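As the structure is a computational prediction, the values presented were derived from the model and not from experiment. Just so we're on the same page: letters track the sequence lines, and every chain starts at 1.
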Protein chains: 2
Amino acid sequence: MEIRIGDLAKRSGCEVVTIRYYEKEGLLPKPARSGGNFRLYGDAHIERLQFIRHCRSLDMTLSEIRALLGLRDNPMQDCGEVNTLLEAHIQQVEMRVSALLQLKRHLVDLREKCSGSRSVEACGILQGLGNCNCHGESATNSQTSG
Amino acid sequence: MEIRIGDLAKRSGCEVVTIRYYEKEGLLPKPARSGGNFRLYGDAHIERLQFIRHCRSLDMTLSEIRALLGLRDNPMQDCGEVNTLLEAHIQQVEMRVSALLQLKRHLVDLREKCSGSRSVEACGILQGLGNCNCHGESATNSQTSG
DNA sequence: TAAAAACTCTATAGTAACTATAGAGTCAAG
DNA sequence: CTTGACTCTATAGTTACTATAGAGTTTTTA
């Protein structure tokens, strides 16, 4: 029983264009085609896409997901690699949380500079934003992974 | 006293190409030019760029920064707008922290599925990733702002 | 049955915020 | 004067999607 891309999209909660994108990026193998050149997907594709979406929902990059798929495709591979990947990802998330919490503290500090005046000229926030010696380089723009 | 783009980059901690990018995006006005067509920046540009970098360090989008710059450029504008923008941004950050903390919990749960076996085939993590009924749609991919 | 609607296809470009590179011109140091 | 550092514009790339155009296929409707 094979399904077309629109049905796969509905089953996986993943957009049609994104499915095509994953195929283009090599995350999904090229599927069979109908006589009209429509993609036809079987169970293996469905499972693989669900795996990918699950990883994405965990904020893993496509690069990370590729690595996991590689391990999954190779049952002889050492399971410790999977654990290592997951561990690294957890740490990235922790770092991002930490950075955001720090950022929030700075924002809250800044908010308190609002003197309640109505004029932009007397705006403590704008002046605080124009004043660069409050926290300097301690706030980081690092992302979850890259 | 005017400086060239490389010096401005050093003073602001912002890459040369990024400065040109900000000009192209309209965040920075076009500067004066030397006879050799080099950009020449004065104090107003220096301050404006520092304002922009400060906002970026607070994870504000260029769109948000544009709005703030507009308010800053118009001293007659109501200061409450600034507060509103900042408030909205703080909430976005809070939401992002919340989402990441939830994500982390899922990741930690997943990590505990590792049975200690060596084989990918018996890997609890990979199986957990292939199993889509654990947390479904509750994990979100929302970003800080958009 | 024919027409309309829905779906699918590929190719291309865009989003956000940068970043890299190529080739050419300008300026400062040796 | 030559060399190296700096600057310039234009273009393309990064990541993970997303939109659109124009054409083909399939299903639904009248």
Worksheet item: Looking only at atom types and distance, does a side-chain atom of B:H54 sit under 3.5 Å from a main-chain N or O of A:G130, one as donor and one as acceptor?
Response: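 No; judged by distance alone, with no hydrogens or angles, the pair does not exist.
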Item to complete: Answer yes or no: is there a donor N or O on one side and an acceptor on the other, between the side chain of A:H89 and the main chain of A:E64, under 3.5 Å?
Response: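 No, the answer is negative, given that no donor and acceptor are paired below the 3.5 Å cut-off.
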Discussion item. Does the protein touch nucleotides 20-25 of chain C at the base, only the backbone, or not at all? Give it as B, S and - per nucleotide, heavy atoms under 4.0 Å.
Written reply: -----B
Distance check needed: [N] [atom2] versus [X] [atom1], whole Å only.
| X | N | atom1 | atom2 | value |
| --- | --- | --- | --- | --- |
| A:R4 | C:dA6 | CZ | P | 14 Å |
| A:N37 | D:dA23 | CG | P | 17 Å |
| B:K24 | D:dA10 | NZ | C1' | 9 Å |
| B:E23 | C:dC18 | CD | P | 16 Å |
| B:L40 | C:dC27 | CG | P | 10 Å |
| B:I3 | D:dT7 | CD1 | P | 10 Å |
| B:L62 | C:dC18 | CG | C1' | 9 Å |
| B:D59 | C:dA17 | CG | P | 10 Å |

So, using side-chain contact (heavy atoms from CB on, under 4.5 Å) as the criterion, who are the partners of [X] when residues are at least two apart?
| X | result |
| --- | --- |
| B:E81 | B:L71 |
| A:R20 | A:I5, A:V16, A:V17, A:R39 |
| B:Y21 | B:E25, B:L62 |
| B:R72 | A:L126, B:E47, B:R48, B:F51, B:L69 |

Worksheet item: ring-ring contact (aromatic ring centres under 6.0 Å, His included) with A:Y41: which residues, sequence neighbours excluded?
Response: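 Counting only residues at least two positions away or on another chain, A:Y41 forms a ring-ring contact (aromatic ring centres under 6.0 Å, His included) with A:H45.
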With a cut-off of less than 4.0 Å, is there a side-chain N or O of [X] near OP1 or OP2 of [N]?
| X | N | value |
| --- | --- | --- |
| A:R39 | C:dC9 | yes |
| B:R33 | D:dT9 | yes |
| A:T18 | D:dA16 | no |
| B:Y22 | C:dC18 | yes |

Worksheet item: More 5' along DNA chain D: B:G6 or A:S34, using each one's nearest nucleotide?
Response: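 Counting from the 5' end, the first nearest nucleotide belongs to B:G6.
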